[in-house]
Amino acid sequence: MLKLAPSILSADFSALAEDVKKIETGGADYIHVDVMDGHFVPNISFGAAVMKSLNGKTMLPYDVHLMIENPDQYIGDFVTQQTAFITVHQEACRHLHRTIQNIKGRDIGAGVSINPATPVEVLSCILGDVDMVLIMSVNPGFGGQKFIPGALDKVRQLAALRQERNLDFLIEIDGGVTLDNAKVVMEAGVDIAVAGSAVFGAPDVIERVKAFKRI
Ligand code: DX5
Ligand code: ZN
């Protein structure tokens with residue numbers, strides 16, 4: 001079954017705990033936490049304090065997506081009992097292997113993400129070390145953008161590599177996921193789909209999460 005990680009980037013920041021309760025009631029699997037620094041991506045979102053304000057307000061695990069430069073400096077801030085994954089961008093890491101070990105050394109799942117213009121091949125030497133690969137299906141920085149179809153080829157390529165090399169990392173996709181393309185995404189080999197505007201922009205958020213989970 002496709003797991004769903006709604007992105008709180010599209011939630012109502014003035015009522016974050018209530019919005020998070022809704023996705024939990026609907027059956028979401030993770031809370032996707034989009035951290036943007038205004039350098040790696042042309043937008044600033046929020047930091048660890050906002051994420052931690054949800055500690056104990058929900059049982060859902062955090063799926064942290066760091067769209068920031070120099071992630072090593074901040075990884076420790078996002079380590080909580082509820083943190084399931086911390087994902088960094090390949091494009092932001094000069095020493096990716098070291099950064100991945102930094103995350104794993106804290107008993108947190110380590111993820112690596114690639115932008116639409118970055119080929120899967122750059123991950124070849126790190127695939128055996130990561131718990132998750134996050135394929136960006138939009139250029140990171142904003143919610144509500146259109147899905148870039150080429151991301152599906154990357155998912156298929158990764159799924160094939162995973163099988164070929166007998167690895168067990170999860171495949172996540174992020175950006176422009178809607179009820180209309182969720183099935184194709186799942187069939188391509190995605191384990192976890194991130195959805196922001198398609199969840200929090202819905203008239204009934206709980207119902208929308210349930211609709212995703214029925215796919
Ligand atoms: C993009 C973020 C995504 C984004 C998804 O930079 O990483 O997680 O919030 O939003 P939608 O689902 O609206 O494309
Ligand atoms: Zn994200």
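Atoms within a ligand are numbered from 1 in the order they appear, just like the ligands themselves. Only heavy atoms go into these numbers, but all of them, side chains included; no hydrogens, no water, no symmetry mates.
When you scan the N, O or S atoms of D174 for the one nearest the Zn ion (ligand 2), you land on OD2. When the Zn ion (ligand 2) is compared with the N/O/S atoms of H65, atom ND1 turns out nearest. Nearest N, O or S atom of D34 to the Zn ion (ligand 2): atom OD1.
Among residues two or more places apart in sequence or in another chain, the salt bridge (Lys or Arg N to Asp or Glu O under 4.0 Å) test is passed with K3 by none.
The 12-atom threshold is not exceeded at CD of Q163, counting heavy atoms of other residues, nucleotides or ligands nearer than 6.0 Å.
The pair E18-K21 does not meet the salt-bridge criterion, since no charged nitrogen lies less than 4.0 angstrom from a carboxylate oxygen.
Hydrophobic clustering of Ile, Leu, Val, Met, Phe, Trp and Tyr side chains at less than 4.5 Å, counting indirect connections, keeps I68 apart from M136.
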Give one line per pair: atom of ligand 1, protein atom, distance. Only N/O to N/O under 3.5 Å.
residue: ligand 1; atom: 6 (O); partner: G141; partner atom: N; Å: 2.7
residue: ligand 1; atom: 7 (O); partner: D34; partner atom: OD1; Å: 2.9
residue: ligand 1; atom: 7 (O); partner: H65; partner atom: ND1; Å: 3.3
residue: ligand 1; atom: 7 (O); partner: D174; partner atom: OD2; Å: 2.9
residue: ligand 1; atom: 8 (O); partner: D34; partner atom: OD1; Å: 3.2
residue: ligand 1; atom: 8 (O); partner: D34; partner atom: OD2; Å: 2.6
residue: ligand 1; atom: 8 (O); partner: D174; partner atom: OD1; Å: 2.6
residue: ligand 1; atom: 8 (O); partner: D174; partner atom: OD2; Å: 3.0
residue: ligand 1; atom: 9 (O); partner: S7; partner atom: OG; Å: 3.3
residue: ligand 1; atom: 9 (O); partner: D34; partner atom: OD2; Å: 3.0
residue: ligand 1; atom: 12 (O); partner: G196; partner atom: N; Å: 2.7
residue: ligand 1; atom: 13 (O); partner: G144; partner atom: N; Å: 2.7
residue: ligand 1; atom: 13 (O); partner: S197; partner atom: N; Å: 3.0
residue: ligand 1; atom: 13 (O); partner: S197; partner atom: OG; Å: 2.5
residue: ligand 1; atom: 14 (O); partner: G176; partner atom: N; Å: 2.8

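For the pair V64 and D34, the minimum side-chain heavy-atom distance is 4.5 Å or more.
The aromatic rings of F40 and H89 are tilted relative to each other, their planes meeting at an angle between 30° and 60°.
With hydrogens and angles left out, the side-chain atoms of D63 and H65 include no donor and acceptor closer than 3.5 Å.
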